Protein chains: 2
Amino acid sequence: MTDAPLDPTELGAYFALVEVSSLLQHSVEQQLRTAGLTSVQFKMLMTLLEAPGGQLRMTDLADTLVLSRSGLTYQAGLLENAGLITRSPSPDDDRSTTLALTAAGRERIFAVLPGHVDVVRRLLLDPLDRTQLDALGALLTRVRDHMRAAPPRSAAPRTRKRADQ
Amino acid sequence: MTDAPLDPTELGAYFALVEVSSLLQHSVEQQLRTAGLTSVQFKMLMTLLEAPGGQLRMTDLADTLVLSRSGLTYQAGLLENAGLITRSPSPDDDRSTTLALTAAGRERIFAVLPGHVDVVRRLLLDPLDRTQLDALGALLTRVRDHMRAAPPRSAAPRTRKRADQ
DNA sequence: TATTGTTATACTCTATAACTATA
DNA sequence: TATAGTTATAGAGTATAACAATA
């Protein structure tokens with residue numbers, strides 16, 4: 001509702017965020033390619049690794065990764081063909097598909113992780129001391145929680161029922 | 001060189017950064033589309049707007065946006081066809097192409113900016129008070145400067161002269 | 001010989017809409 | 001009727017390599 005333009009402090013924080021994340025993303029992408037993974041695929045594997053039981057439903061993963069369902073289906077197909085994950089019907093809800101890491105998937109992650117961590121450390125972590133790192137983490141976590149408070153992507157209606165677009 | 005895995009603090013900051021930037025990117029992209037711009041195109045226009053004289057060389061813009069030269073050529077072509085920028089040979093170096101904002105380009109930016117600012121404010125700025133915003137900006141600027149200290153993308157050799165790799 | 005930019009090409013990825021099946 | 005996922009489709013975007021021109 002506020003219509004005022006951003007002041008220099010706001011602009012600075014915003015632009016720095018955009019620049020930092022795109023530089024980091026680019027370097028990370030380059031490193032992951034040596035292991036035959038894109039960053040989206042890496043995120044999928046990592047998210048599964050962290051999930052309880054190493055399993056996750058399609059929709060939940062799509063929301064976490066900010067990806068469309070069909071986009072996730074495509075990527076899941078690639079990872080399944082590569083033998084890194086499995087897709088199986090969920091036990092409790094027959095509409096759902098549950099993704100699970102395979103042993104090969106786990107191995108792949110652990111194979112990439114050192115190089116990945118190296119890039120993240122070199123670009124993002126090295127220039128900050130412990131206190132600054134704590135602060136950055138706290139601030140970004142606060143922002144993320146705020147962003148996540150909005151309804152996720154999958155909650156959007158898929159069939160239009162209103163005339164007002 | 002450090003081979004240790006990331007500790008929870010490091011992981012937290014890293015993951016929060018990735019998540020925040022992809023959520024923000026997604027919302028921004030959606031808003032910009034209402035004005036017929038992608039985020040890359042918006043960044044190009046904004047960078048030109050901020051540049052001294054509203055002009056910039058291709059290579060400099062490619063480095064700033066972390067984009068390949070050919071990718072930038074493609075996007076510059078789109079913006080030129082849309083009448084938002086002009087491309088002309090640089091006065092001092094005949095190899096270079098200088099991009100410049102047109103009046104229509106400036107108008108387009110100012111037309112999108114309020115909605116854009118609104119998204120940024122709502123997602124990124126609102127959950128932070130002044131002190132926190134200052135801190136976030138300072139931290140990210142520090143990281144960015146560190147990242148930018150490395151040689152830019154365009155400095156990479158384009159013809160391989162060594163047998164190694 | 002190095003640098004700037006363009007082009008040709010091929011490919012990856014993503015989203016929209018339609019469709020099926022289950023709750 | 002709403003939700004979960006897949007598929008078909010089509011388009012947009014990116015990079016690599018080869019090329020032309022200038023420094």
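What you see is a predicted model, and the numbers here were worked out from it, not measured in a lab.
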Fill in the blank from the handout: Which of Val40(A), Leu65(A), Leu61(A), Ile85(A) passes side-chain contact (heavy atoms from CB on, under 4.5 Å) with Gln75(A)? It is Val40(A)
Problem - Close approaches to DNA chain C from residues 43-68 of chain A, in residue order (heavy atom, under 4.0 Å) - result: Leu67(A), Ser68(A)
Exercise for the section: May I ask you to say what Arg87(B) touches in the nucleic acid, namely base, sugar-phosphate or nothing, with a heavy-atom cut-off under 4.0 Å? Expected result: sugar-phosphate
Handout entry: Leu113(A) with Leu11(B), same ILVMFWY side-chain cluster at under 4.5 Å
Key = yes
Practice task
Could you identify which residues of residues 88-100 of chain A place a heavy atom less than 4.0 Å from some atom of DNA chain C, listed by residue number, or say none?
Solution key: Asp93(A), Asp94(A), Arg95(A)
Practice task
Figure out the CD/C1' separation between Glu29(B) and dT16(C), and round it to whole Å.
Solution key: 16 Å
Problem - Residue closer to the 5' end of DNA chain D, Arg33(A) versus Leu78(B) (nearest nucleotide) - result: Leu78(B)
Exercise for the section: Could you tell me whether the phosphate oxygens of dA12(D), OP1 or OP2, come under 4.0 Å of any side-chain nitrogen or oxygen in Gln75(B)? Expected result: no
Practice task
Please report, rounded to the nearest Å, how far the C1' atom of dA12(D) is from the CG atom of Leu32(B).
Solution key: 16 Å
Handout entry: Under the side-chain hydrogen bond (donor to acceptor under 3.5 Å, both in side chains) test, residues paired with Thr97(B) that sit two or more places apart
Key = none
Handout entry: Polar side-chain atom of Ser39(A) near backbone of Glu29(A) as donor-acceptor pair, under 3.5 Å
Key = no
Practice task
Compare side-chain N and O positions of Arg69(A) against OP1 and OP2 of dA4(D) and report whether any pair is under 4.0 Å apart.
Solution key: yes
Handout entry: Expected output: side-chain Arg121(B) to main-chain His116(B) donor-acceptor under 3.5 Å
Key = no
Completion exercise
Side-chain contact check for Tyr74(B): nearest option of dA12(D), dA17(C), dA15(D) is dA12(D)
Handout entry: Cluster check Val66(A), Phe42(A): I/L/V/M/F/W/Y, side chain < 4.5 angstrom
Key = yes
Practice task
Nearest whole angstrom, please: distance from the C1' of dA15(C) to the CD of Gln30(B).
Solution key: 11 Å
Handout entry: Hydrophobic cluster membership, Leu17(A) vs Leu6(A), 4.5 Å side-chain cutoff
Key = yes
Exercise for the section: Flag yes if Met46(B) and Met44(B) sit in one hydrophobic cluster, no otherwise; membership is Ile, Leu, Val, Met, Phe, Trp, Tyr, and two members link when side-chain heavy atoms are under 4.5 Å apart. Expected result: yes
Problem - Nearest-Å distance for atom pair CG/P, residues Asn81(A) and dT6(D) - result: 12 Å
Practice task
Treating Ile, Leu, Val, Met, Phe, Trp and Tyr as nodes and any side-chain heavy-atom pair under 4.5 angstrom as an edge, say whether Leu32(B) and Val119(B) lie in one connected cluster.
Solution key: yes
